[in-house]
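Comments concern the structure below.
Computed over heavy atoms, backbone and side chain alike; hydrogens, waters and symmetry mates excluded.
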Amino acid sequence: MNKQNTSPYYQGDLIFIFLAFFAISVIAIYAAGQFGQYGSNAWTRQIIYYMVGVICIVAINYFDLEQLEKLSLYIFIGGIMLLIFLKIAPAQIAGHDFAPIKNGAKSWFVLPGIGTLQPSEFMKIGLIMMLASVIGKATPRGKRTLEDDIFLLLKIAGVSAVPVGLIFLQDAGTAAVCMFIVIVMVFLSGVNWKLISLLGSVVVLLVAAVLAVIILFPDFAQKMGIQQYQINRITAWLPDSSTSDNQAQTQDATSSDKFQVDRAIMAIGSGQIFGNGIKNLKVYVPEAQTDMIFSIIGEAFGFVGCAFVVIMFFFLIYRLVVLIDRIHPYSRFASFFCVGYTALIVIHTFQNIGMNIGVMPVTGIPLLFISFGGSSVVSVLIGFGIVYNASVQLTKYQSYLFK
């Protein structure tokens with residue numbers, strides 16, 4: 001179809017992706033509802049979250065890309081203030097939960113009549129917007145000196161340090177996602193390869209050092225601020241080994257994480273090729289509607305259902321990569337936002353599916369678009385709205401060009 005004869009606001013492939021994820025999410029959450037973990041009506045609440053996301057998408061498309069770039073600073077600052085407020089907010093107000101402490105950290109607000117609000121989910125989108133603005137305003141690749149690259153890296157570090165640090169105090173898994181996004185955006189920002197190599201080596205060494213401390217010296221890791229449940233998730237992911245005296249005291253907690261992964265693998269395996277159907281689930285999986293939603297898809301729809309979900313994510317990532325390249329001459333901000341958003345989708349998909357099949361440690365990272373949760377759904381749809389806006393603007397630019 002010739003796009004010049006249709007409204008630029010009709011982006012058929014993105015609409016199809018949205019509707020496919022919406023259907024998969026609601027059906028999978030409905031299927032998991034028989035376990036009663038989040039109530040039998042969780043799927044109706046997911047529909048409401050999606051509708052709120054649709055409103056956000058429509059609202060975002062009333063702005064042009066330049067206006068969105070100007071708003072990025074205010075959204076970024078607002079996100080940081082929300083994280084700081086969460087840190088200092090009381091756990092309870094008038095006897096009711098407000099910012100409850102779980103596993104030694106406060107990660108969300110409890111809003112009566114609405115549900116929970118997790119600021120870190122929205123901060124990820126705010127961070128991507130701010131970094132896209134900073135990188136987009138930098139001197140284009142090929143015209144920068146080494147000093148310009150160093151200055152750009154310092155600005156990126158300055159922008160990233162506060163939100164990532166605040167998120168780390170709440171959830172190390174989400175902080176790791178933010179760091180992955182920052183690294184990908186730096187990698188594609190055109191910074192000199194020597195600096196990239198140096199930075200990459202430092203990051204790899206730091207990650208290896210942290211993992212080594214967690215595995216070999218768990219007591220010292222706790223003194224560094226790493227929570228016991230985070231240590232358990234890493235040790236549960238490792239192959240079984242003889243239990244030492246230091247490991248014995250945390251064996252029960254570790255086995256609970258292994259139980260969750262084992263049940264997820266069992267559920268996926270029981271689905272075989274075509275699945276058992278949405279009303280015939282037999283394997284109980286903890287956190288089935290959130291962290292382990294992929295296992296529900298595996299049991300209900302089998303290999304065919306899992307393959308369809310993976311294909312849809314590949315389709316979305318392919319669409320984003322194409323948009324990154326084509327929008328770059330018209331809006332560097334939109335192009336780099338799509339880079340960050342692609343990194344967000346990639347790391348969440350890889351990590352969540354990986355922990356469902358036992359090849360990655362359990363981190364509590366949801367499968368975006370599909371896992372149950374208001375903050376997760378609405379925040380990722382806000383990002384999707386900006387991507388949709390960029391695709392619409394690209395269609396307009398190309399239409400004007402060929403008139």
Side-chain angles (χ1 to χ4, degrees), residues 21 25 45-46 48-61 63 67-89 98-100 102 105-111 114-134 159-182 185 290 333 336-338 340-345 347-348 352 363-389:
F21 281 135
S25 177
R45 291 159 63 191
Q46 187 79 343
I48 294 173
Y49 298 149
Y50 256 91
M51 293 305 100
V52 173
V54 169
I55 293 172
C56 293
I57 292 173
V58 173
I60 288 168
N61 278 272
F63 297 89
Q67 290 173 323
L68 288 174
E69 183 173 6
K70 291 177 181 178
L71 287 172
S72 62
L73 176 61
Y74 302 101
I75 294 172
F76 178 76
I77 293 175
I80 290 178
M81 292 178 66
L82 201 58
L83 289 171
I84 293 174
F85 178 59
L86 176 63
K87 182 65 178 175
I88 64 176
F98 179 65
K102 184 177 180 181
K106 292 187 286 187
S107 299
W108 55 77
F109 296 106
V110 177
L111 306 178
I114 298 177
T116 59
L117 175 68
Q118 190 170 0
S120 60
E121 292 294 327
F122 295 94
M123 188 69 249
K124 286 186 287 190
I125 301 299
L127 177 62
I128 294 172
M129 291 182 69
M130 191 62 199
L131 288 176
S133 178
V134 169
V159 167
S160 307
V162 174
V164 173
L166 289 170
I167 291 172
F168 180 78
L169 296 176
Q170 304 169 9
D171 184 359
T174 303
V177 168
C178 292
M179 284 303 303
F180 179 81
I181 293 169
V182 172
M185 295 185 74
T290 52
F333 166 76
F336 284 112
F337 178 86
C338 290
Y341 192 72
T342 302
L344 175 67
I345 300 299
I347 187 60
H348 267 265
N352 184 274
T363 58
I365 291 176
L367 186 59
L368 295 181
F369 294 100
I370 298 178
S371 291
F372 173 73
S375 297
S376 172
V377 170
V378 175
S379 64
V380 78
L381 290 182
I382 289 174
F384 188 83
I386 298 174
V387 169
Y388 197 95
N389 188 310

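Contact of the D171 side chain with the T363 side chain is not registered, since no non-hydrogen atoms from C-beta on lie closer than 4.5 Å. Considering only heavy atoms from C-beta on, L166 comes within 4.5 Å of I80 through its side chain. Side-chain contact check for V387 versus F337: some heavy-atom pair is nearer than 4.5 Å.
Every residue two or more places apart in sequence or in another chain that forms a side-chain hydrogen bond (donor to acceptor under 3.5 Å, both in side chains) with S25 is listed here: Q46. Checked against ring-ring contact (aromatic ring centres under 6.0 Å, His included), F122 has no partners two or more places apart in sequence or in another chain. With sequence neighbours excluded, the residues satisfying side-chain hydrogen bond (donor to acceptor under 3.5 Å, both in side chains) with S120 are Q118.
Here the CD1 atom belonging to I345 is positioned 11.0 Å from the SG atom belonging to C338, to the nearest 0.5 angstrom. Remark: I125 CD1 to L344 CG distance equals 5.5 Å, nearest 0.5 Å. To the nearest 0.5 angstrom, L71 atom CG is 9.5 Å from I386 atom CD1. Once rounded to the nearest 0.5 Å, the distance linking CG of L117 with OG of S375 reads 4.5 Å. The CE atom of M130 lies 9.5 Å from the CE atom of M123; values are rounded to the nearest 0.5 Å.
If you run side-chain contact (heavy atoms from CB on, under 4.5 Å) between L381 and each of Y49, F21, Y50, only Y50 comes through.
Between the H348 side chain and the P366 main chain, a donor and an acceptor come within less than 3.5 Å of each other. One N or O on the side chain of Y341 and one on the backbone of V380 form a donor-acceptor pair closer than 3.5 Å. Remark: side-chain polar atoms of S371 are not paired, donor with acceptor, to backbone N or O of L368 under 3.5 angstrom. A donor-acceptor pair under 3.5 Å is formed between the side chain of N61 and the backbone N or O of I57. Judged purely by atom type and a 3.5 angstrom limit, S133 has no side-chain atom pairing as donor or acceptor with the backbone of M129.
Minimum interatomic distance between F109 and A89 (heavy atoms only, all atoms of both residues): CE2-CB, 4.1 Å. The shortest non-hydrogen separation linking S160 to L131 is OG-CD2, 3.8 Å. Shown here for E121 and S376, the closest heavy-atom pair between the two residues is OE1-CA, 4.0 Å. The minimum heavy-atom distance linking L83 with P119 is given by the pair CD2-CB, 3.8 Å. Nearest heavy atoms, A99 versus L86: CB-CD1, 4.0 Å. Scanning all heavy atoms of the two residues, the minimum distance from C56 to I382 falls at CB-CG1, 3.9 Å.
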Verify side-chain contact (heavy atoms from CB on, under 4.5 Å) between V110 and W108, making sure each step is shown before the conclusion. CA-CA 7 Å; V110 177; W108 55 77; 4.1 Å; yes

Go through it in stages, so that I can follow the logic: the residues are F333 and L68, the test is side-chain contact (heavy atoms from CB on, under 4.5 Å), and I'd like the CA-CA distance, side-chain angles, deciding distance and then a yes or no. CA-CA 9 Å; F333 166 76; L68 288 174; 4.1 Å; yes

For the pair V182 and V159, evaluate side-chain contact (heavy atoms from CB on, under 4.5 Å) and give the outcome as yes or no after the intermediate values. CA-CA 10 Å; V182 172; V159 167; over 6 Å; no

Which is it for K124 and C178 under the side-chain contact (heavy atoms from CB on, under 4.5 Å) test, yes or no, and what are the steps along the way? CA-CA 6 Å; K124 286 186 287 190; C178 292; 3.7 Å; yes

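Residue M51 qualifies as enclosed at atom CE: its count of foreign heavy atoms under 6.0 Å is above 12. F63 CZ: 12 or fewer foreign heavy atoms inside a 6.0 Å radius.
Classified by interplanar angle (parallel below 30°, tilted 30° to 60°, perpendicular above 60°), the ring pair F384/F369 is perpendicular.
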